[in-house]
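Numbers here are sequence positions counted from 1. What's counted below: heavy atoms across the whole structure, side chains too, no hydrogens, waters or symmetry copies.
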Amino acid sequence: SGHVGLFCEGIAKVARQVHPNFTITEEALMSVAKLYPDFIEKLMRAAEVHAGKKVTLTIRLLELGLPDVLPKELAKFAASVVDKEIEKSRPKRLEAIEEPARIKWDPAFDHKKILALLKETCFLDRISLECGVAMGAILEYLAAEIIELGGFRTREQNQTEITLSHLVEAVRADEELAEAFGKKLV
């Protein structure tokens, strides 16, 4: 898919955040990125089923679709990160002049590009603007889970570069990640 590069940038950023002392191979990045188009397609179809007669894709519909495409705990945590990311993305009003400057919101995935991708994929008439933020948060969460466990495998083997084999071993060893992506991560 032409969007794999978009995903690789976000996944690389997540890898630097999760394991700042490790590098990740291009092959490992690409393999995680290749999971996303199919995942997004399935989540969009699940959200559309929950839409019923509604014509607008909303964050709520994405959250309702998560249990249809991810195992229970992964779906629950993915939905919780959506709520947190949406809150962070909204502009804050300063309560007082003395209030310290807020940390700049810096998502791993470009929510505008993700929104454009959703518009290509969605069968509904409209898409809430925050759906790009929500999908980006879900992708970031999934990347963090996979890379965190892959990094642990890397450390166990006294290495400093996360490879595809580290990710594959980690995903297959985790029951929920194995159910969601075990056969697809190659």
Side-chain angles (χ1 to χ4, degrees), residues 3-22 24 29 32-33 35-37 39-44 46-48 50-51 54 56-122 124 126-152 162 174 176-177 180-181:
H3 303 290
V4 171
L6 162 69
F7 299 139
C8 284
E9 291 171 27
I11 295 162
K13 187 172 184 176
V14 170
R16 289 188 298 274
Q17 293 168 347
V18 173
H19 288 295
N21 297 326
F22 292 166
I24 184 166
L29 278 176
V32 176
L35 296 173
Y36 287 168
F39 171 77
I40 291 170
E41 177 80 21
K42 286 180 180 174
L43 182 53
M44 295 298 283
E48 289 164 359
H50 289 282
K54 295 182 181 123
T56 303
L57 180 68
T58 63
I59 296 166
R60 179 72 181 135
L61 290 174
L62 287 176
E63 289 176 330
L64 286 171
L66 283 169
D68 298 337
V69 296
L70 290 175
K72 185 179 180 183
E73 290 301 309
L74 278 178
K76 183 173 89 174
F77 286 115
S80 74
V81 298
V82 165
D83 295 336
K84 291 175 188 160
E85 196 71 12
I86 293 296
E87 184 59 34
K88 284 193 278 184
S89 74
R90 291 182 174 149
K92 308 287 187 262
R93 292 195 179 130
L94 294 178
E95 304 269 328
I97 296 171
E98 299 85 32
E99 183 177 342
R102 297 202 180 265
I103 295 172
K104 184 178 179 282
W105 177 59
D106 188 26
F109 293 90
D110 182 328
H111 64 280
K112 291 175 184 166
K113 290 180 181 176
I114 296 290
L115 183 63
L117 173 63
L118 296 181
K119 287 179 180 178
E120 291 175 19
T121 312
C122 188
L124 298 176
R126 295 188 305 254
I127 299 180
S128 160
L129 293 177
E130 289 184 331
C131 284
V133 174
M135 185 63 80
I138 294 165
L139 299 179
E140 185 171 344
Y141 166 71
L142 293 173
E145 286 294 308
I146 292 168
I147 291 168
E148 181 179 34
L149 295 177
F152 294 154
I162 301 169
D174 182 273
E176 291 210 332
L177 285 174
F181 303 113

Practice item. Give the C-alpha distance, both sets of side-chain angles, the deciding distance and a yes or no for side-chain contact (heavy atoms from CB on, under 4.5 Å) between Leu43 and Ile138. Key: CA-CA 11 Å; Leu43 182 53; Ile138 294 165; 4.0 Å; yes
Practice item. Could you please spell out the steps behind the side-chain contact (heavy atoms from CB on, under 4.5 Å) verdict for Ile24 and Val32? Key: CA-CA 11 Å; Ile24 184 166; Val32 176; 5.7 Å; no
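Here the shortest heavy-atom pairing between Thr56 and Leu61 reads O-CD1, 3.4 Å. In terms of heavy atoms, Val14 sits closest to Ala108 at CG2-CB, 3.6 Å. When all heavy atoms of Ile114 and Phe109 are compared, the closest pair comes out as CG1-CB, 4.2 Å. Taking each heavy atom of Ile86 and Ala134 in turn, the nearest pair found is CD1-N, 4.1 Å. The two residues Ala46 and His50 come nearest to each other via the heavy atoms O-CD2, 3.0 Å. Residue Met44 comes nearest to Leu57 through the heavy atom pair CE-CD2, 3.4 Å, listed as atom of the first residue, atom of the second, then distance.
Residues Glu9 and Lys13 have side chains not in contact (no heavy-atom distance under 4.5 Å, counting atoms from C-beta outward). Two residues are said to be in side-chain contact when any heavy atoms from C-beta on lie closer than 4.5 Å; Leu66 and Leu62 fail this criterion. Contact of the Leu117 side chain with the Met135 side chain is not registered, since no non-hydrogen atoms from C-beta on lie closer than 4.5 Å. Annotation: side chain of Glu145 is not in contact with side chain of Asp174 (no heavy-atom distance under 4.5 Å). Here the side chains of Leu70 and Tyr141 are not in contact, with every heavy-atom distance at 4.5 Å or above. Two residues are said to be in side-chain contact when any heavy atoms from C-beta on lie closer than 4.5 Å; His111 and Glu130 fail this criterion. Within the 4.5 Å cutoff, the side chain of Ile40 has heavy atoms near those of the Leu139 side chain. Between Val4 and Tyr36, the closest side-chain pair of non-hydrogen atoms is not below 4.5 Å.
Atoms CD1 and CG, from Ile147 and Leu142 in turn, are 10.5 Å apart once rounded to the nearest 0.5 Å. The CD atom of Glu120 sits 12.0 Å away from atom SG of Cys122, with the distance rounded to the nearest 0.5 Å. Note that CD of Glu148 and CG of Leu177 are 10.0 Å apart. Values are rounded to the nearest 0.5 Å. Between atom SG of residue Cys131 and atom NZ of residue Lys119 there is a gap of 10.5 Å, rounded to the nearest 0.5 Å.
No more than 12 heavy atoms of other residues, nucleotides or ligands shown are found within 6.0 angstrom of NZ on Lys54.
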Show me the donor-acceptor pairs, under 3.5 Å and distance only, between side chains in residues 75-85 and residues at least two apart or in other chains.
unit_1 : atom_1 : unit_2 : atom_2 : d
Lys76  : NZ     : Glu73  : OE1    : 3.4
Ser80  : OG     : Phe77  : O      : 2.8
Glu85  : OE1    : Lys88  : NZ     : 3.4
Glu85  : OE2    : Trp105 : NE1    : 2.7

